[in-house]
Amino acid sequence: QVQLVESGGGLVQAGGSLRLSCAASGRTFSSYAMGWFRQAPGKEREFVAAIRWSTGTTYYADSVKGRFTISRENAKMTVYLQMNSLKPEDTADYYCATSSSWNGLSSTRQYDYWGQGTQVTVSS
């Protein structure tokens, strides 16, 4: 089992910034990558960003490229999502997840464990 705990969500005005954190614990040796997803009310969960623990290789959804940055701190088994230039359409519950897969990191099906989510609200 892997436990994931997100933090850092909140209310921010459009154009502002937030940093989300996700701390992993438990059987983390099986994790090759971490991802961030988001889900707005009435919509499906969508991929935001992912990062590989070993190489630091990052992947982004087109909608956040250039505004969001994913990073990791291996010693703390923690992943961060720095969100800048936030827009009202970024409003959603944000979830981190861990994957034991090498491929397909933009798909929810490749992730084994999920955090409880943290809410991000961007006001216009």
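Computation of the quantities below employed the complete heavy-atom set of this structure, encompassing side-chain atoms and omitting hydrogens, waters and symmetry-equivalent molecules. One is the number of the first residue; the rest follow in order along the sequence.
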Are S101 and Q110 close enough that a side-chain donor and a side-chain acceptor fall under 3.5 Å?
yes
Quick one: do the Y80 and E73 side chains pair a donor with an acceptor below 3.5 Å?
yes
Working to the nearest 0.5 angstrom, can you tell me the gap between Q3 CD and M77 CE?
11.5 Å
Reported CG-to-OG distance for the pair N74 and S54, which is rounded to 0.5 angstrom:
8.5 Å
Are any side-chain N or O atoms of Y95 and backbone N or O atoms of G35, one a donor and one an acceptor, separated by less than 3.5 Å?
no
Is there a side-chain contact between D93 and T118 in this structure, where contact means two heavy atoms from C-beta onward sitting under 4.5 Å apart?
no
Close side-chain approach of Y111 to M34, heavy-atom, < 4.5 Å:
no
Please test D62 against K65 for salt bridge (charged side-chain N to carboxylate O under 4.0 Å, His left out), starting from the C-alpha separation and ending with a verdict.
CA-CA 5 Å; D62 288 342; K65 211 171 282 185; 3.1 Å; yes
Is there a side-chain contact between R19 and M83 (heavy atoms, below 4.5 Å)?
no
Does a side-chain heavy-atom distance below 4.5 Å link Y59 with R52?
yes
Think R38 forms a cation-pi with Y94, using NZ or CZ under 6.0 Å from the six-ring centre and within 45 degrees of its axis?
no
S99 versus L105, closest heavy-atom pair with distance:
OG-CD2, 3.6 Å
Sub-4.5 Å side-chain heavy-atom contact between Q119 and T121
yes
So OG of S124 and NZ of K87: to nearest 0.5 Å the spacing works out to 14.0 Å
At what distance, to the nearest 0.5 angstrom, does CD of E6 lie from SG of C96?
4.0 Å
I need the Q13 CD to S123 OG distance, nearest 0.5 Å.
5.0 Å
Residues Q82, S17; criterion side chain to side chain contact (heavy atoms under 4.5 Å, CB included); working and verdict:
CA-CA 7 Å; Q82 178 66 43; S17 299; 3.9 Å; yes
Answer yes if the ring centres of W102 and Y32 are under 6.0 angstrom apart, and no otherwise.
yes
Could you tell me if the ring centre of W114 sits under 6.0 Å from that of F37?
yes
I'd like to know whether T91 forms a side chain to side chain contact (heavy atoms under 4.5 Å, CB included) with V120, so could you lay out the CA-CA distance, the side-chain angles of the two residues, the decisive distance to 0.1 Å, and finally the verdict.
CA-CA 5 Å; T91 295; V120 171; 5.8 Å; no
Distance only, no hydrogens: is a donor on one side chain within 3.5 Å (strictly under) of an acceptor on the other, for T57 and T55?
yes
Would L81 and T69 satisfy side chain to side chain contact (heavy atoms under 4.5 Å, CB included), going step by step from the backbone distance to the final call?
CA-CA 6 Å; L81 185 69; T69 302; over 6 Å; no
D112 side chain to T98 side chain, donor-acceptor N/O pair below 3.5 angstrom:
no
Side-chain touch W36/F47, heavy atoms, less than 4.5 angstrom
no
For a quick test of reading the model, state the closest non-hydrogen atom pair linking F68 to V48 and the distance between them.
CD2-CG1, 3.7 Å
Any donor-acceptor pair under 3.5 Å linking the side chain of R67 with the backbone of S85?
yes
List the atom of Q39, the atom of K43, and the distance in Å for their closest heavy-atom pair.
NE2-O, 3.1 Å
